[in-house]
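The block underneath contains the structure these notes are about, expressed in structure tokens.
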Number of protein chains: 2
Amino acid sequence: MIKHLEVRERLLARIRDMRPDDVLPQERELAETFGVSRTTVRQALQSLIEEGLIYSVRGRGTFVSRGRISKGPTLTSFSDDMRARDLEPGSRLLTAERRDAEPELARTLEIKPGDPVFHLERLRLADGFPMCFERVDLPAAPFPRLLDQDLEGSLYQLLAGRYRTVLANAEQRVSATTLNRRHADLLGVPLRSPALYVRRRGIDARGRVVEFARSLYRADRYDFEMTVHR
Amino acid sequence: MIKHLEVRERLLARIRDMRPDDVLPQERELAETFGVSRTTVRQALQSLIEEGLIYSVRGRGTFVSRGRISKGPTLTSFSDDMRARDLEPGSRLLTAERRDAEPELARTLEIKPGDPVFHLERLRLADGFPMCFERVDLPAAPFPRLLDQDLEGSLYQLLAGRYRTVLANAEQRVSATTLNRRHADLLGVPLRSPALYVRRRGIDARGRVVEFARSLYRADRYDFEMTVHR
DNA sequence: AAGTGGTCTAGACCACCCT
DNA sequence: GGGTGGTCTAGACCACTTT
């Protein structure tokens, strides 16, 4: 087990029993308590600060943040996201086909026009009810036989497991829209209901574009929580 | 000058002249070149990795990312935000009054029910056209004579300049909605047009709640861009 | 003056990738 | 086996806050 992650876990356990603005023991003391160097303690503290769970003030100390665990803008799959909300994720595959990339899609995926891509359409469910309609395009070359796999589970997990491709970061654009007949029916809401429209370009550790996804989230059941800094 | 920031600057200059997937010198070499320890080099590299400018692969090296500088989710004012889009920010003050905090607002602002708060309503403009309708509540105590100030400019700048209160981070919740008669008229769009609805709680460096803002952005003219990691 | 977090060092070993 | 990034150590000094 990596030490700073272990320290992080033990700090998390402490923080859970503390109240907002309570002060944590000082770093040198934590280092002694956990039997690690101060550097390692600081590495663990830093990750908690980045998530907004604690904050530090020079010359005063490190304190528990107000507010609760609001997950920062990290890259999570729909499945993880739903589980974090205590909802059971599901999926209904609507379309799965091989296509030739249109020029604009090719540019987005950084491949050549006409190169083969996989196009998926899925209805994402939470506790069995529609939450999100998503269309995903992926370059076909890195993912042989993708369409033969089980595409109703987590796509990210499939890419990581079978194709050793892990998404490292994503460019995301979030806007609002109202739903047309087809999308409203799929999501089980009235025509012209509001929805969050998210366009995402997923990038792997080497900087290759792995997916371009467009999702429509029911506005009455979903919102983005984020903590922004400085 | 803090060393790791200086190293960061010098690395940035190098990266600008490199192409995607070019490899950077190895960390031990950079340390020697810049006359600092490897730890300090790593601190500089880390900040560039977090911004997506470079990526590292264990056992291979550190490389320049594809894609350009995509600003992460940082805390910007409306004014900064508009200027980044080459739009001239403006403001029309609709309401500015002192109120007593309702219980729910008091809880959000972490003050006592009945404590005085300032309530502002502003129409935010971009190149003179409505972009966003915002309602802001602030605790009155830390901001004496706030209502006598010029409230049509940047609120963040006013808080920083006159009251020495700098927002350190904010909890934000983004959802979608459709506009009612009043809000549609204010924003100059048809009834029931889609809009982004943002609720934000701004926190200062000491963890005190400074503002609670609810904003409605025209969906046809505004979206959130963000880069998410890991 | 004492205590806190912020920065930095020099060196060590580990985990992983390549040839 | 040699080279890379990842983790960790023990110690030092600095900048800031509080007493």
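Quick note on labels: first sequence line is chain A, next is B, and so on, each numbered from 1.
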| task | Report, as a single string ordered 5' to 3', how protein heavy atoms within less than 4.0 Å touch nucleotides 3-8 of chain C: B base, S sugar-phosphate only, - not at all. | result | BBBBBS
| query | Thinking salt bridges, do Glu121(A) and Arg214(A) make one under a 4.0 Å N-O criterion? | reply | no
| said: Between Arg201(A) and Glu110(A) (salt bridge meaning N to carboxylate O under 4.0 Å), is one present in this structure? | reply: yes
Can you list, pair by pair, the side-chain donor-acceptor contacts under 3.5 Å of residues 146-153 of chain A, counting residues two or more places apart and other chains?
| residue | atom | partner | partner atom | Å |
| --- | --- | --- | --- | --- |
| Gln149(A) | NE2 | Arg145(A) | O | 2.9 |
| Asp150(A) | OD1 | Glu152(A) | N | 3.0 |
| Glu152(A) | OE2 | Leu93(A) | N | 2.6 |

Side-chain donor-acceptor pairs of residues 131-143 of chain A under 3.5 Å, sequence neighbours excluded:
| residue | atom | partner | partner atom | Å |
| --- | --- | --- | --- | --- |
| Glu134(A) | OE2 | Arg122(A) | NE | 2.9 |
| Glu134(A) | OE2 | Arg122(A) | NH2 | 2.8 |
| Glu134(A) | OE2 | Arg124(A) | NH1 | 3.2 |
| Asp137(A) | OD1 | His119(A) | ND1 | 2.8 |

| note | When rounded to whole Å, the OH to P distance for the pair Tyr55(B) and dT4(D) reads 16 Å
| field | Geometric class of the Tyr222(A)/Tyr217(A) ring pair [parallel <30°, tilted 30-60°, perpendicular >60°] | value | parallel
